[in-house]
Amino acid sequence: MRLIHFFCAIALALMPLTAYTQQYKNGGDLVINTTDVVTLSGKAVPDKLNGEKIYDPSFMVTPPAFPARDTNLHFYIVNALRDEFSKLPDGNYNFDISNVVVNKEGRIVYCTYRGVESALPKKRRVMVPDETQVLIENKLTSVLKNAPAMMPARKNAASVPFVIASLPPKACIQVKNHVARVF
C-alpha cells in the first residue's frame, strides 16, 4: 500500500500542468452548463462567470459545501466513476480535476479535466485506451451535470460564484483484475 502511495506521489510531483496521456488529447475544459459563460482572461484559472467575479479561497469567502455530511465533491465523483475506472488495464493511475466553477445556485458549471494517466514513470507507463478515456470523460460530464446542488459560496451573506482550484487529493486509482480501488 505504501509503495502505491509512493508511486502516486512521485507521478503527481513530476506531472506537468498540461499533462495528458500520449494518446488522449480531448482532456481539457469541460463545460457542464452551457447557459453559463466562464471567462479565463488569459489566466489558467477562471476569473469570471457571466461577467461576475469568481471568488477563490484567497478571498474572505465561505466556500461551497457539498450537501451530504458523509462525503465531499471529490469522493462523490470518484465513487460515481468506479465502474468506469474498473475498465482500465491493471495498473496505478492518477485522475485530475481542477478549476471547478460553482455558480451562485451551487451548481457545477465548468471544470478542467486532464484525463486518466498512468502513475508510473514514462518508460513503464500503461497507456489508457482512447475509448476508455472518452467513456470516463462522458460519465464525468454526466456526474457533474447531475451532481446535487451544493450550498453556494457566500460573501457578506450573498451567494457568489466560486472556483475550487483542485480537488485534493488528486485521486490515485489502483486497478487489479478489473476492480478499481481509489485512495
Keeping [X] on the side-chain end and [Y] on the backbone end, is there a donor-acceptor pair under 3.5 Å?
X	Y	result
Asn50	Val37	yes
Asn177	Val179	no
Arg181	Lys176	no
Thr141	Glu137	yes
Ser118	Val126	yes
Ser159	Pro152	no
Gln174	Ala180	no

Distance (rounded to the nearest 0.5 Å) between Thr39 OG1 and Lys53 NZ |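 So the OG1 of Thr39 and the NZ of Lys53 are separated by 12.5 Å.
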When rounded to the nearest 0.5 angstrom, what is the spacing between OG1 in Thr62 and CZ in Arg154?
->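 Rounded to the nearest 0.5 Å, the OG1-CZ separation comes to 8.5 Å.
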Test side chain to side chain contact (heavy atoms under 4.5 Å, CB included) on Leu135 and Lys87 and set out the steps.
-> CA-CA 10 Å; Leu135 178 77; Lys87 293 178 171 94; 3.4 Å; yes
Tell me whether Met151 is reachable from Val109 by hopping between hydrophobic residues (I, L, V, M, F, W, Y) whose side-chain heavy atoms are closer than 4.5 Å.
->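 In one cluster with Val109: Met151, no.
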Tell me whether Val45 is reachable from Val38 by hopping between hydrophobic residues (I, L, V, M, F, W, Y) whose side-chain heavy atoms are closer than 4.5 Å.
->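 Yes.
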State, with a plain yes or no, whether a side-chain heavy atom of [X] is found less than 4.5 Å away from one of [Y].
X	Y	result
Asn94	Cys172	yes
Leu73	Ile108	yes
Glu117	Arg125	yes
His74	Val78	yes
Leu140	Ile97	yes
Ile136	Leu88	yes
Val101	Pro46	yes
Phe85	Val182	yes

When you look at CG of Asn156, are more than 12 heavy atoms from neighbouring residues, nucleotides or ligands closer to it than 6.0 Å?
->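 No, because the 6.0 Å sphere around CG of Asn156 holds 12 heavy atoms or fewer from other groups.
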Take Val175 and Ser86 through the test side chain to side chain contact (heavy atoms under 4.5 Å, CB included) and record every step on the way to the result.
-> CA-CA 6 Å; Val175 179; Ser86 294; 5.7 Å; no
Could you please spell out the steps behind the side chain to side chain contact (heavy atoms under 4.5 Å, CB included) verdict for Asn92 and Ile173?
-> CA-CA 6 Å; Asn92 297 322; Ile173 305 154; over 6 Å; no
Residues in side-chain hydrogen bond (donor to acceptor under 3.5 Å, both in side chains) with Asp83, at least two apart?
->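 With sequence neighbours excluded, Asp83 shows a side-chain hydrogen bond (donor to acceptor under 3.5 Å, both in side chains) to no residue whatsoever.
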Are Arg114 and Asp96 ion-paired here, with the side-chain N under 4.0 Å from a carboxylate O?
->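 A salt bridge is present here (some side-chain N lies under 4.0 Å from a carboxylate O).
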What is the minimum heavy-atom distance between Pro64 and Phe162, and which atoms define it?
->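 It is CD-CD2, 3.3 Å.
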Work out which heavy atom in Arg107 is nearest to a heavy atom in Pro148; give both atom names and the distance.
->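 Distance-wise, the nearest heavy atoms are NH1-C, 3.8 Å.
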Using the benzene-type ring in the case of Trp, are the ring centres of Phe95 and Tyr113 under 6.0 Å apart?
->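 Judged by ring-centre distance (under 6.0 Å), Phe95 and Tyr113 do meet the cut-off.
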The single option from Leu81, Val134, Ile77 passing side-chain contact (heavy atoms from CB on, under 4.5 Å) against Lys139 =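 Checked Leu81, Val134, Ile77 against Lys139; only one passes side-chain contact (heavy atoms from CB on, under 4.5 Å): Leu81.
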Test side chain to side chain contact (heavy atoms under 4.5 Å, CB included) applied to Ile54 and Asp47, step by step = CA-CA 5 Å; Ile54 297 176; Asp47 60 352; 5.6 Å; no
